[in-house]
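These notes concern the structure reproduced below.
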Amino acid sequence: DGDDTETAELGVTRRQPPDKDSERSNGSQLRKPPIAMSRASSMGGVSNNPFFASGGDGDDTAMPTKATLEDAAASLDEPTLAALSQVLNQREQSMSQADLALVLAAFDVTASHGSRASMSGVAKKIREVLRDGAKACNSWGKAVAQFTAGEKDMATVLKLGSPLKVLVFSWNVGNKMPDEAELALWCPEGGGDFDLIVVGTQENKYKKKNTASPVEEVDDAEDSHDEDEHEHEHAEIEEHEQAEHEKYDHEQYDHKATQKGHNHWDQIVSKRLGTEWGVVKNSVLWQMRLTVFAPLRHLAGDLARISHVEMRKSRTGIGGVVANKGGLVCRLDFAGTTLCFISSHLAAHSHKLKQRNDNCQEILRETARLAHNHLDAASHFDHVFWLGDLNYRVDLNAKAKEAGRPEKSFDAQMDEVQACINRGDFATLWEWDQLKMAQADGEAFVKFIEGPLDFKPTFKVMRHAGSEYKHNRIPSYCDRVLWKSMPQRINAVKQTLFTGLEATRTSDHKPVVAHFEIASSPLVKTVAPKQLSGAPLLQFRALKATGVRAADMNGKSDPFVVFFSNPPGLFGSRPPMTKVKKETRNAEWTPLEIPVLRPLVESPTELAECALIMVLYDSDLVGHDDPLGRVIIKLGPQDGDAVDLATATSYTVNFESPIIWGNKSAGMGVLKGEFVVALGDDLSKAIGQVKQEKIGSKAKRKQKAPSSCSIL
């Protein structure tokens with residue numbers, strides 16, 4: 001049945017966390033793809049599979065013939081075959097698509113033969129059919145036996161090729177006991193077909209009441225809770241409860257969450273999801289909670305897809321110490337796709353717009369070094385999702401002074417907003433939304449995307465079904481879900497649902513729920529630094545930063561640029577950097593002062609799946625260098641460029657982009673540049689030019705930097 005080494009090569013074993021600086025830069029694959037891609041739709045499911053007609057509970061004589069396998073394989077689609085081919089090619093075992101189809105068909109054959117003996121028979125039959133693919137079939141046969149032990153339905157076990165499905169839910173619970181029956185409004189029983197369910201809540205502390213319908217005890221007339229007016233209350237953190245929840249992991253949390261004394265919210269959500277779901281990570285910060293759930297098949301065993309899980313916290317409340325406001329950040333790797341989820345509760349009050357924007361910066365700053373020593377959560381991962389009670393308000397007076405018009409009274413604003421709600425004119429409310437305006441001004445959430453707010457504002461409502469608004473607050477979209485992707489992965493995310501849930505009755509906020517489908521990030525094959533002779537050569541012709549942030553007391557900075565990549569490690573374990581420019585907010589580097597970059601990719605076509613991350617720093621003689629912001633662009637040809645990387649000998653990239661610090665670009669300056677990437681036949685000529693002209697000779701390397709560029 002093959003040896004253990006071959007099975008491990010399939011990429012189904014749990015990976016060890018990489019060194020945070022080197023990030024798997026030793027020439028091995030930077031990403032390991034999912035072992036399989038769903039073919040249920042292409043094969044019509046197990047019951048419609050033509051070779052099940054042969055039957056035979058474990059009887060090897062009932063195994064399908066080559067002709068039967070070929071008939072079944074004919075229904076497989078090209079993407080499925082290409083995906084399986086990628087897995088095998090990763091292991092340096094090339095097979096034709098016809099042979100791959102037979103192997104894949106054999107997986108479903110196994111589903112009708114429930115014992116290890118019959119699975120071994122399947123592997124034997126495949127070896128007979130594929131005489132030239134004995135080694136590949138040997139290890140696949142072993143994998144089949146492992147994956148299907150105790151499993152009958154291969155369609156559920158091997159979700160090959162289908163996009164990652166994620167549900168994101170955010171709710172300010174209002175410190176009132178929720179109605180358990182209302183979980184059905186957003187959480188499918190048993191978790192549905194989702195791969196991850198991310199639940200972020202705020203003001204989630206309440207006493208469990210012994211009543212079937214907790215909403216019967218809610219009286220809006222006597223409801224004194226108002227986060228705007230009572231921010232300073234309950235400043236004492238329940239340390240014991242927090243410590244208990246912080247030590248949960250996916251192996252023990254499900255059991256503990258159902259025991260008496262543990263959080264009621266966790267109990268009812270876990271109960272709704274059922275015993276086939278577990279917790280990837282759970283974190284608590286006073287009344288904020290962030291929990292990531294996943295099916296158990298993703299968490300443990302040979303089919304485990306989730307790894308590199310980390311969590312960070314940030315307190316942004318009173319004095320930057322109290323945890324009544326802040327953020328919880330969780331990162332994970334799902335079968336090679338890196339994801340990050342940020343759940344936050346930002347400053348209240350309509351007039352505290354700047355404080356909200358500052359909260360975002362503080363959260364990213366305090367949770368930095370999550371998986372990378374030099375990048376924050378908004379600049380490192382394939383995709384980052386930001387959810388929570390962000391508290392941005394609808395403000396009709398926001399641009400009054402700029403427009404030269406008088407400000408409107410509270411009552412006039414209330415009447416106008418309510419009229420928009422009544423006629424379903426939500427687009428007008430977006431124009432007055434503080435978050436949308438902050439994005440346009442570069443003050444917050446730069447480069448983040450949000451689906452249309454085609455539903456009624458979620459705050460501040462009476463605690464009953466429907467959206468009846470209290471008259472002491474302008475109705476606003478306080479509760480949000482946004483996301484941001486690496487430039488080469490923007491089209492990988494599709495939002496299929498984004499809505500508010502008016503039927504909830506226990507809080508003065510309505511929850512929001514969003515569904516996403518995320519295409520897996522492709523494998524990027526790399527080479528070892530000693531084998532970079534054929535690697536592309538990236539040479540800057542120009543690089544200029546203008547208006548960078550003043551980080552020193554003299555009102556200036558000492559800027560330099562450090563180069564990183566997505567996936568990480570394309571430029572080696574010690575990232576290259578430019579020469580430092582002294583005492584200026586406008587820096588321009590010559591080709592001699594910019595490192596020559598050699599992305600360690602196996603083929604030029606891999607560049608289309610990579611990004612170049614340029615981080616600006618202020619050089620300090622004492623202490624750490626201060627980050628000034630970053631610019632991220634595609635490493636491959638830009639949108640609209642007609643370049644075929646398989647045949648091109650070079651291409652040129654011109655860029656001009658605002659510098660982003662955290663999620664803010666206002667006042668950070670602009671980075672502009674041009675570089676040429678030499679490939680194939682032009683490579684040797686470009687290397688000769690670099691050596692002759694000593695291009696990059698004044699550039700350096702981060703940490704123990706040599707006096708000249710050694711990348712060549």
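Numbers here are sequence positions counted from 1. Remember, predicted model here, so these are calculated numbers, not experimental data.
- Judged by distance alone, with hydrogens and angles left aside, the side-chain atoms of Glu416 form no donor-acceptor pair with the main-chain N or O of Met414 at under 3.5 Å.
- In this structure, Cys420 SG and Asp415 CG are separated by 11.0 Å, a value rounded to the nearest 0.5 Å.
- In this structure, the side chains of Asp358 and Lys354 come closer than 4.5 Å at one or more pairs of heavy atoms.
- Every residue two or more places apart in sequence or in another chain that forms a side-chain contact (heavy atoms from CB on, under 4.5 Å) with Asn586 is listed here: Thr546, Thr584.
- A donor-acceptor contact shorter than 3.5 Å links the side chain of Arg356 to the backbone of Ser350.
- Residue pairs meeting the salt bridge (charged side-chain N to carboxylate O under 4.0 Å, His left out) criterion with at least one member in residues 545-565: none, sequence neighbours excluded.
- When the options Asp389, Leu387, Leu453 are evaluated for a side-chain contact (heavy atoms from CB on, under 4.5 Å) with Arg480, the one that passes is Leu453.
- In this structure, the side-chain contact (heavy atoms from CB on, under 4.5 Å) partners of Ala608, at least two apart in sequence or on a different chain, are Leu645.
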Practice item. Apply salt bridge (charged side-chain N to carboxylate O under 4.0 Å, His left out) to the pair Arg473 and Asp508, showing each step before the final yes or no. Key: CA-CA 11 Å; Arg473 295 289 183 272; Asp508 56 355; over 6 Å; no

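- By the 4.5 Å heavy-atom criterion applied to side chains, Glu593 and Thr578 are not counted as neighbours.
- The line from CG of Asp195 to CG of Leu167 is 11.5 Å long, rounded to the nearest 0.5 Å.
- Formation of a donor-acceptor pair under 3.5 Å by the Thr337 side chain with backbone atoms of Ser521 is found in this model.
- Here the NZ atom belonging to Lys436 is positioned 11.5 Å from the CZ atom belonging to Phe445, to the nearest 0.5 angstrom.
- Checked by atom type and distance alone, the side chain of Asn282 never pairs as donor or acceptor with a backbone atom of Thr291 at under 3.5 Å.
- Here side chain to side chain donor-acceptor pair (under 3.5 Å) pairs that include residues 491-502, with residues two or more places apart or in two chains, are Ser467-Glu502.
- Contact of the Ile518 side chain with the Trp483 side chain is not registered, since no non-hydrogen atoms from C-beta on lie closer than 4.5 Å.
- The backbone N or O of Arg312 sits nowhere less than 3.5 Å from a side-chain atom of Thr367 that would complete a donor-acceptor pair.
- The minimum heavy-atom distance between Cys610 and Pro567, with the atom names listed, is SG-CD, 4.1 Å.
- Each of Asp376, Ile659, Leu375 was scored for a side-chain contact (heavy atoms from CB on, under 4.5 Å) with Arg630, with one residue passing: Asp376.
- In this structure, the ring pair (Phe, Tyr, Trp, His ring centres under 6.0 Å) partners of Trp186, at least two apart in sequence or on a different chain, are Phe169.
- Shown here for Phe498 and Pro452, the closest heavy-atom pair between the two residues is CD2-O, 3.7 Å.
- Residues meeting the side-chain contact (heavy atoms from CB on, under 4.5 Å) test with Ala427, sequence neighbours left out: Asp425, Trp430.
- Rounded to the nearest 0.5 Å, atoms CG (Asp179) and OG (Ser507) are 13.0 Å apart.
- Judged as a side-chain contact (heavy atoms from CB on, under 4.5 Å), and not counting sequence neighbours, the contacts of Ser344 are Leu346, Ile363, Trp386, Leu390.
- Under the 4.5 Å side-chain criterion, counting only non-hydrogen atoms from C-beta, Phe381 is not in contact with Asp333.
- None of Phe459, Tyr392, Phe455 except one satisfies the ring pair (Phe, Tyr, Trp, His ring centres under 6.0 Å) rule with Tyr477; the exception is Phe455.
- Rounded to the nearest 0.5 Å, atoms CD1 (Ile632) and CD1 (Ile613) are 4.5 Å apart.
- Counting heavy atoms from C-beta on, the side chains of Ile449 and Val493 never come closer than 4.5 Å.
- Tyr206 places a side-chain N or O within 3.5 Å of a backbone atom of Trp265 that can act as its donor or acceptor partner.
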Apply the test side chain to side chain contact (heavy atoms under 4.5 Å, CB included) to residues Ser520 and Leu164: give CA-CA distance (whole Å), side-chain angles for both, the deciding distance (0.1 Å), then the verdict. CA-CA 7 Å; Ser520 298; Leu164 168 65; 5.6 Å; no

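- Arg463 contributes a side-chain N or O that, together with a main-chain N or O of Thr506, makes up a donor-acceptor pair within less than 3.5 Å.
- Using a 4.0 Å cut-off between charged side-chain N and carboxylate O, Arg489 and Glu609 make a salt bridge.
- With sequence neighbours excluded, no residue forms a salt bridge (charged side-chain N to carboxylate O under 4.0 Å, His left out) with Lys447.
- Trp432 contributes atom CH2, which lies 10.5 Å from atom CD1 of Ile474 (distance to the nearest 0.5 angstrom).
- Defined by atom type and a distance below 3.5 Å, a donor-acceptor pair is missing between the side-chain atoms of Asn359 and Gln355.
- With sequence neighbours excluded, no residue satisfies salt bridge (charged side-chain N to carboxylate O under 4.0 Å, His left out) with Lys510.
- Here the side chain of Lys484 pairs a donor or acceptor atom with the backbone of Ala378 at under 3.5 angstrom.
- Across all their heavy atoms, Leu429 and Val394 have their closest contact at O-CG2, 4.3 Å.
- Side-chain contact check for His345 versus Trp286: every heavy-atom pair is 4.5 Å or farther apart.
- For the 3.5 Å distance criterion, the side chains of His383 and Ser485 qualify, holding a donor opposite an acceptor.
- The side chain to side chain donor-acceptor pair (under 3.5 Å) pairs that include a residue from residues 654-670 number zero, where partners must be two or more places apart or lie in different chains.
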inquiry  = ring pair (Phe, Tyr, Trp, His ring centres under 6.0 Å) for His380 and Phe564? Distances and angles first, verdict last.
reply    = CA-CA 9 Å; His380 177 57; Phe564 301 97; 9.1 Å; no

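- Take Asp479 and apply the salt bridge (charged side-chain N to carboxylate O under 4.0 Å, His left out) test, not counting sequence neighbours, and it matches no residue.
- In terms of heavy atoms, Gln202 sits closest to Ser170 at NE2-OG, 3.7 Å.
- Panel note: side chain Ser314, backbone Gly326; no donor-acceptor pair is recorded below 3.5 Å.
- Of all non-hydrogen atoms in Leu285 and Lys313, the two that sit nearest each other are CD1-CD, 4.3 Å.
- The backbone N or O of Asp382 lies less than 3.5 Å from a partner atom in the side chain of Thr338, making a donor-acceptor pair.
- Between Val446 and Pro658, the closest side-chain pair of non-hydrogen atoms is not below 4.5 Å.
- By the salt bridge (charged side-chain N to carboxylate O under 4.0 Å, His left out) test, Asp441 is found to be paired with Lys399, residues two or more places apart in sequence or in another chain being considered.
- A pairwise comparison of heavy atoms in Leu628 and Pro559 identifies CD1-CB, 4.1 Å as the closest pair.
- Considering only heavy atoms from C-beta on, Val173 stays 4.5 Å or farther from Lys205 through its side chain.
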